[in-house]
Amino acid sequence: MNSLPENIKLNKNIVHVYYTDLTKAYNCLQRFYKMLSDDEKDRAGKYHFEKDRNNYLVSRGLLRLILSKYLSIKAQEIIFEYNKYGKPYLKNNNLSFNIAHSSSTFIMTVTKEYDIGIDIEFMRDDLEIINMANNFFSEYEIKELLSLDQTNRLEGFYNCWTRKEAFIKAVGKGLSIPLDSFDVELDPEKLVKILDIRFNSYPIEEWQIIDLSLIPNFKCAVAVKNNNVVLETYKLEKVCSGGK
């Protein structure tokens, strides 16, 4: 998909995933800025570095532009509500959505009725991944990571990181959920899934985690409270063309 269609149909049990390079829309920064609410503009102004500010403006603009196609309203007319943990949602609407970006890569997911979260990370090889795992992973995940050989360890680390982050974003309670209070499979050679949830009575069988291989050297995962979904992915090339 080069650009956004005017009418998007989203059936139950379907997840739409959009991704693009944020820098391709830098020439539309003014247009995106006009779409934003006052609080979004205030937040944009708090970014110290121009690149971070630009990426925020494009991300929020794309979020609004994409959602406007489902809602059949102008992007600037969308009103976001926020839960007490800061997760945005649409009042009186069954669309669920989530966005993430890493470096200049933007990704967004949309579905109906079911909680959903997404994460994407550039796989840096200069991180002290064992130290990070000791601080953020569960005991099971740390042991499994250490059991991997050096060839698979970096991928295993990012498998764990993106899957945990996507799940937390789907639940919508932020870091009030301890990262060591649930386990995900991280071994690149094993099935992608949640292994255990200890922080609340969330039945594991209700959740599905899906890995996405979209861009070389990036890891991406989607978590959705629906174990019977099909993903449809769309790469956006002309993210600024058309629209309301």
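These numbers come from a predicted model, not from an experiment.
The two residues Pro188 and Gly156 come nearest to each other via the heavy atoms CG-N, 4.2 Å. Taking all atoms of both residues into account, the shortest heavy-atom contact from Ser176 to Pro178 is O-CD, 3.4 Å. Summarising the geometry of Ala25 relative to Val58, their closest heavy-atom pair is CB-CG1, 3.7 Å, with the distance given to 0.1 Å. Between Ser103 and Phe218 the shortest heavy-atom distance is CB-CZ, 4.2 Å. Ile129 and Arg153 get closest at one heavy-atom pair: CD1-CG, 3.7 Å. What you find for Ala221 and Ala166 is that their closest heavy atoms are O-CB, 3.5 Å.
Within a 6.0 Å radius of CG in Asp38, no more than 12 heavy atoms belonging to other residues, nucleotides or ligands are found. Heavy atoms of other residues, nucleotides or ligands lying less than 6.0 angstrom from NZ of Lys143 number 12 at most.
Checking Asp187 against Asn152 by side-chain atom types alone, no donor-acceptor pair falls below 3.5 Å. Between the side chains of Glu141 and Ser138, at least one donor N or O sits under 3.5 Å from an acceptor N or O.
Side-chain atoms of Phe182 and Ile168, non-hydrogen and from C-beta on, do get closer than 4.5 Å to each other. Side-chain atoms of Asn226 and Val229, non-hydrogen and from C-beta on, do get closer than 4.5 Å to each other. Counting only heavy atoms from C-beta outward, the side chains of Asn13 and Val230 never approach each other to under 4.5 Å. Residues Ile194 and Arg163 have side chains not in contact (no heavy-atom distance under 4.5 Å, counting atoms from C-beta outward). Between Glu232 and Val15 the shortest side-chain heavy-atom distance does not fall below 4.5 Å. Between Phe157 and Leu186, the closest side-chain pair of non-hydrogen atoms is not below 4.5 Å. When side chains are defined from C-beta on, Trp207 counts as touching Val171, because their heavy atoms get closer than 4.5 Å. Under the 4.5 Å side-chain criterion, counting only non-hydrogen atoms from C-beta, Leu95 is in contact with Leu10.
Pairs engaging residues 53-66 under the salt bridge (Lys or Arg N to Asp or Glu O under 4.0 Å) rule: Glu40-Arg60, Glu40-Arg64 [sequence neighbours left out]. Sequence neighbours left out, the pairs with a member in residues 213-223 that pass salt bridge (Lys or Arg N to Asp or Glu O under 4.0 Å) are Glu155-Lys219. Listed by first and then second residue, the ring pair (Phe, Tyr, Trp, His ring centres under 6.0 Å) pairs that reach into residues 29-69 are Tyr47-Tyr56, sequence neighbours excluded. Screening residues 78-95 for salt bridge (Lys or Arg N to Asp or Glu O under 4.0 Å) gives no qualifying pairs among residues at least two apart or on separate chains.
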Can you list the steps and then say if Tyr26 with Asn55 is a side chain to side chain donor-acceptor pair (under 3.5 Å)?
-> CA-CA 8 Å; Tyr26 278 7; Asn55 285 345; 2.6 Å; yes

From CA spacing to verdict: side-chain contact (heavy atoms from CB on, under 4.5 Å), Glu185, Leu191 | CA-CA 7 Å; Glu185 183 55 70; Leu191 290 175; 6.0 Å; no

Take Lys169 and Ile99 through the test side-chain contact (heavy atoms from CB on, under 4.5 Å) and record every step on the way to the result.
-> CA-CA 9 Å; Lys169 292 175 73 176; Ile99 65 172; 5.8 Å; no

Check step by step if side-chain contact (heavy atoms from CB on, under 4.5 Å) holds for Gln76 and Lys34.
-> CA-CA 7 Å; Gln76 58 267 32; Lys34 292 177 181 178; over 6 Å; no

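Atoms CD1 and CD1, from Ile197 and Ile204 in turn, are 5.0 Å apart once rounded to the nearest 0.5 Å. To the nearest 0.5 Å, atoms OH (Tyr234) and CD1 (Ile66) are separated by 12.0 Å. Remark: Ile209 CD1 to Asn227 CG distance equals 12.5 Å, nearest 0.5 Å. Annotation: the span from Lys193 atom NZ to Ile210 atom CD1 amounts to 15.0 Å, rounded to 0.5 Å. Separating the CD1 atom in Ile79 from the CG atom in Leu90 is a distance of 10.0 Å, to the nearest 0.5 Å. Rounded to the nearest 0.5 Å, atoms CG (Leu195) and NZ (Lys190) are 8.5 Å apart.
In this structure, Phe97 and Phe80 have tilted ring planes: the angle between them lies in the 30° to 60° band. Note: Trp161 and Phe137 have tilted aromatic rings, judged against thresholds of 30 and 60 degrees for the angle between ring planes.
Criterion: ILVMFWY side-chain heavy atoms under 4.5 Å apart, direct or through other members. Under it, Leu212 and Val224 are part of a common hydrophobic cluster. Hydrophobic clustering (ILVMFWY, side-chain heavy atoms < 4.5 Å, transitive): Ile73 and Met35 are in one cluster. By the rule that hydrophobic residues join a cluster once side-chain heavy atoms approach within less than 4.5 Å of another member, Leu63 and Leu29 end up as members of one cluster. Hydrophobic clustering keeps Val17 apart from Ile8 (ILVMFWY residues linked when any side-chain heavy atoms are closer than 4.5 Å, directly or through intermediates). A chain of hydrophobic side-chain contacts below 4.5 Å, direct or via other Ile, Leu, Val, Met, Phe, Trp or Tyr residues, connects Leu146 to Met132.
Because its NZ or CZ atom is not both nearer than 6.0 Å to the ring centre of Tyr18 and within 45° of the ring axis, Lys235 does not count as a cation-pi partner of that residue.
Comment: Asp196 engages Arg198 in a salt bridge, judged by a side-chain N to carboxylate O separation of less than 4.0 angstrom.
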Can you give each donor-acceptor pair under 3.5 Å made by side-chain atoms of residues 104-111, sequence neighbours left out, with the distance rounded to 0.1 Å?
residue	atom	partner	partner atom	Å
Ser104	OG	Asp21	OD1	3.2
Thr109	OG1	His16	O	3.3
Thr111	OG1	Ile14	O	2.9

Would you tabulate the side-chain donor-acceptor contacts of residues 113-124 under 3.5 Å, counting partners in other chains and residues two or more places apart, or write 'none'?
residue	atom	partner	partner atom	Å
Arg124	NE	Asp126	OD1	2.9
Arg124	NH2	Asp126	OD1	3.3
Arg124	NH2	Asp126	OD2	3.2

